[in-house]
Amino acid sequence: MATTRSAHTVWEGNLFQGNGVVTFDSSGSIAAQPVSWPARAEEANGKTSPEELIAAAHSSCYCMAFSNGLDKAGTPPTKLVTSADVTFQPGQGITGIHLTVEGTVPGISEEDFLAAAEDAKANCPVSQALKAVPITLSAKLA
């Protein structure tokens, strides 16, 4: 069964001096978050950005896909810690995403861990949605 998740943003003013608020409609589990151009292109200063939201989505989706792949291979993880760094270049857009994962996976070889990490990178739904952007990966066993 398909699911749809929703968020909305209210923006006031122009791009450079304006600001907005992102509201997470589906879950309500995240408080509304302020956004602005300076928070996106310069320092965050307590505000989020589309790139930070993409990083959150990608790191969580990647963990789910990687966990599932490891479990299906008979080596379920004890713990996966994934960070996603989304690079934004004003005037060019999102120029790259780098995933870093460290995993505690009893009974797996480093070679199999790295292969499963690469498979999750290529096949998690967020990676699939972001195929237009180069995605790189650093993976290691804890």
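- Taking OG from S59 and CE from M64, the interatomic distance works out to 9.5 Å, rounded to the nearest 0.5 Å.
- You'll find the side chain of P34 stays beyond 4.5 Å of the side chain of N19, heavy atoms only.
- Here the side chains of S6 and S26 are in contact, with some heavy-atom distance below 4.5 Å.
- Nearest approach of A39 to T48, heavy atoms of both residues: CB-O, 3.9 Å.
- Heavy atoms only, all atoms of each residue included: F16 and N14 are closest at N-OD1, 3.1 Å.
- The minimum heavy-atom distance linking K47 with E52 is given by the pair O-OE1, 4.3 Å.
- Counting heavy atoms from C-beta on, the side chains of D112 and V105 never come closer than 4.5 Å.
- Judged as a side chain to side chain donor-acceptor pair (under 3.5 Å), the pairs with a partner in residues 30-44 (not counting sequence neighbours) are, in order, R40-E51.
- In this structure, Y62 contributes its side chain and T100 its backbone to no donor-acceptor pair below 3.5 Å.
- Each of W11 and V21 belongs to its own hydrophobic cluster when Ile, Leu, Val, Met, Phe, Trp and Tyr are linked at side-chain heavy-atom distances under 4.5 angstrom.
- One distance of note links CG of L53 with OG1 of T9; it measures 8.0 Å at 0.5 Å rounding.
- Of all the heavy atoms in G107 and T75, the pair that sits closest is O-CG2, 3.9 Å.
- Contact detail for T95 and Q89: the closest heavy-atom pair is CG2-CB, 3.8 Å.
- Shown here for V126 and A57, the closest heavy-atom pair between the two residues is CG2-O, 3.9 Å.
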message: Assess the residue pair L80 and L70 against the criterion (side-chain contact (heavy atoms from CB on, under 4.5 Å)); give the C-alpha distance rounded to whole Å, side-chain angles, the decisive distance to 0.1 Å, and a yes or no.
response: CA-CA 11 Å; L80 298 173; L70 290 166; 4.2 Å; yes
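- A heavy-atom distance below 4.5 Å is found between the side chains of I94 and I54.
- Without hydrogens or angle criteria, T82 side chain to V101 main chain gives no donor-acceptor distance under 3.5 Å.
- Applying the side chain to side chain donor-acceptor pair (under 3.5 Å) definition to pairs two or more places apart or across chains, those involving residues 122-135 are H58-S127, D119-N123, Q128-K131.
- Between the CG atom in D25 and the OG1 atom in T4 there is a gap of 12.5 Å [rounded to 0.5 Å].
- By the criterion of side-chain heavy atoms lying less than 4.5 angstrom apart, applied directly or through intervening Ile, Leu, Val, Met, Phe, Trp or Tyr residues, L137 is grouped together with L130 in one hydrophobic cluster.
- Here the straight-line distance linking atom CD1 of I97 with atom CD1 of I135 works out to 5.0 Å at 0.5 Å rounding.
- One hydrophobic cluster, built from ILVMFWY side chains closer than 4.5 Å, cannot hold both V10 and L15; they sit in different ones.
- For the atom pair NE2 of H98 and OG of S138, the computed distance is 3.0 Å after rounding to the nearest 0.5 Å.
- Under a hydrophobic-cluster definition in which Ile, Leu, Val, Met, Phe, Trp and Tyr are linked whenever side-chain heavy atoms come within less than 4.5 Å, directly or via other members, V86 and I30 are assigned to different clusters.
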